[in-house]
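Each remark here refers to the structure printed beneath this line.
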Amino acid sequence: MSTEIFGVKDLLESLVRLEQNGHKFYSQASEKFDDLEIREFFKFLAEEELGHEKLYKSLAEELGSNVSNTTRESYDDEYNEYLQSLVENTFNFDLDESLTDVKAVYKFAMGLEKDTIIFIGEIRKLLPDFKADIFERVEKEERKHIHLIDQWYKKHIAK
């Protein structure tokens with residue numbers, strides 16, 4: 001068993017990068033479509049990602065400055081390897097390639113939101129008492145995004 005905090009901090013920093021990529025992706029997607037309603041939808045999601053990025057940055061800073069006050073969870077090497085794989089493999093994509101057609105945009109957007117929920121879940125497992133209310137709120141927002149993206153797809157694409 002190893003007792004390390006790096007997994008949580010890496011996850012928070014990865015959430016920041018995920019939100020940055022989400023902002024870039026949704027901003028690019030908003031420019032790809034002519035339909036004003038679709039453009040505004042993606043602009044809204046881009047702004048949401050910026051808000052989450054700021055939140056995760058502040059949480060990472062707070063966690064970093066309060067490591068001694070943070071409950072450290074023990075986890076085995078297999079879980080440690082899982083966290084490393086999760087962090088490393090989440091960013092193996094090319095945003096330009098993801099914008100090839102509307103179905104690709106939909107799939108990428110759904111994956112982005114699902115990945116964020118996975119990261120939040122892992123942080124909550126490792127630090128169940130660290131800002132639990134904030135993570136619950138953001139996780140709820142991410143689930144709402146999945147629903148909104150699915151509704152957008154059904155309304156505008158899967159007609």
Side-chain angles (χ1 to χ4, degrees), residues 1-30 41-99 103-153:
M1 292 276 209
S2 62
T3 309
E4 300 184 41
I5 200 69
F6 86 91
V8 179
K9 190 148 175 48
D10 282 348
L11 287 172
L12 277 170
E13 290 170 358
S14 294
L15 272 172
V16 169
R17 291 194 313 267
L18 196 58
E19 297 296 335
Q20 289 168 339
N21 285 340
H23 176 261
K24 182 178 178 183
F25 171 75
Y26 289 131
S27 294
Q28 289 175 345
S30 75
F41 173 68
F42 284 116
K43 284 180 185 177
F44 163 76
L45 289 174
E47 289 301 312
E48 291 275 301
E49 301 297 291
L50 276 182
H52 292 163
E53 175 191 349
K54 289 176 187 172
L55 173 66
Y56 297 138
K57 278 183 179 178
S58 69
L59 291 174
E61 288 171 12
E62 186 175 338
L63 178 66
S65 65
N66 292 321
V67 171
S68 61
N69 296 328
T70 304
T71 305
R72 293 178 178 229
E73 291 290 325
S74 295
Y75 47 94
D76 61 24
D77 290 335
E78 185 177 325
Y79 187 71
N80 182 29
E81 290 168 9
Y82 159 72
L83 290 178
Q84 290 291 70
S85 294
L86 183 63
V87 168
E88 291 169 9
N89 292 312
T90 300
F91 304 102
N92 290 337
F93 56 78
D94 182 348
L95 292 175
D96 293 332
E97 292 293 319
S98 301
L99 290 167
K103 287 184 181 180
V105 170
Y106 168 75
K107 287 179 183 178
F108 185 86
M110 291 296 275
L112 191 65
E113 301 300 331
K114 288 176 184 178
D115 285 347
T116 303
I117 290 171
I118 290 169
F119 275 79
I120 292 169
E122 294 307 321
I123 291 169
R124 291 178 77 185
K125 281 182 198 172
L126 292 169
L127 295 174
D129 298 325
F130 180 70
K131 306 291 183 182
D133 57 328
I134 293 173
F135 283 110
E136 177 63 34
R137 186 191 84 224
V138 177
E139 192 174 39
K140 185 176 179 179
E141 288 175 18
E142 300 296 348
R143 287 190 303 265
K144 184 175 127 187
H145 289 174
I146 288 174
H147 177 71
L148 289 172
I149 293 164
D150 191 52
Q151 293 304 307
W152 164 79
Y153 183 79

- Inter-residue atom distance Glu48.CD - Leu148.CG, 0.5 Å rounding: 8.5 Å
- Residues passing the side chain to side chain contact (heavy atoms under 4.5 Å, CB included) test with Gln20, sequence neighbours excluded, are Val16, Arg17, Glu53, Lys57
- Task: Give a yes or no on whether a salt bridge exists between Glu136 and Arg143, defined as a side-chain N under 4.0 angstrom from a carboxylate O.
- Result: yes
- Does the side chain of Leu45 come within less than 4.5 Å of Phe25's, by heavy atoms? no
- Message: Consider side chain to side chain contact (heavy atoms under 4.5 Å, CB included). Of Leu15, Val138, Leu50, which one does Leu55 pass it with?
- Response: Val138
- Task: Report yes if the side chains of Glu49 and Asn21 come closer than 4.5 Å at any heavy-atom pair, otherwise no.
- Result: no
- Item | Aromatic ring pairing Phe130/Phe135, orientation class (parallel under 30°, perpendicular over 60°, tilted between) | tilted
- Item | Given Arg124, Lys144, Lys131, the one that forms salt bridge (Lys or Arg N to Asp or Glu O under 4.0 Å) with Glu139 | Arg124
- Note, Phe119 side chain near Leu12 side chain (heavy atom, < 4.5 Å): no
- Separation of Ile120 CD1 from Arg137 CZ (nearest 0.5 Å): 10.0 Å
- Item | Qualifying residues under side chain to side chain contact (heavy atoms under 4.5 Å, CB included), relative to Lys107, sequence neighbours excluded | none
- Message: Assess whether a salt bridge exists between Glu47 and Lys43, defined as any Lys/Arg side-chain N lying under 4.0 Å from an Asp/Glu carboxylate O.
- Response: no
- Item | Interatomic spacing from NZ in Lys114 to CD1 in Ile146 - rounded to 0.5 Å | 6.5 Å
- Of all heavy-atom pairs between Ala29 and Val105, which one has the smallest distance, and what is that distance? CB-CG1, 4.3 Å
- Item | For the student: nearest non-hydrogen atoms of Ala132 and Pro128, plus distance | CB-O, 3.5 Å
- Once you round to the nearest 0.5 Å, how far does NE2 of His23 lie from CG of Leu112? 12.5 Å
- Going by heavy atoms in the side chains, are Trp152 and Tyr106 under 4.5 Å from each other? yes
- Query: Can you find a heavy atom in the side chain of Ile123 that is under 4.5 Å from one in the side chain of Tyr56?
  - Reply: no
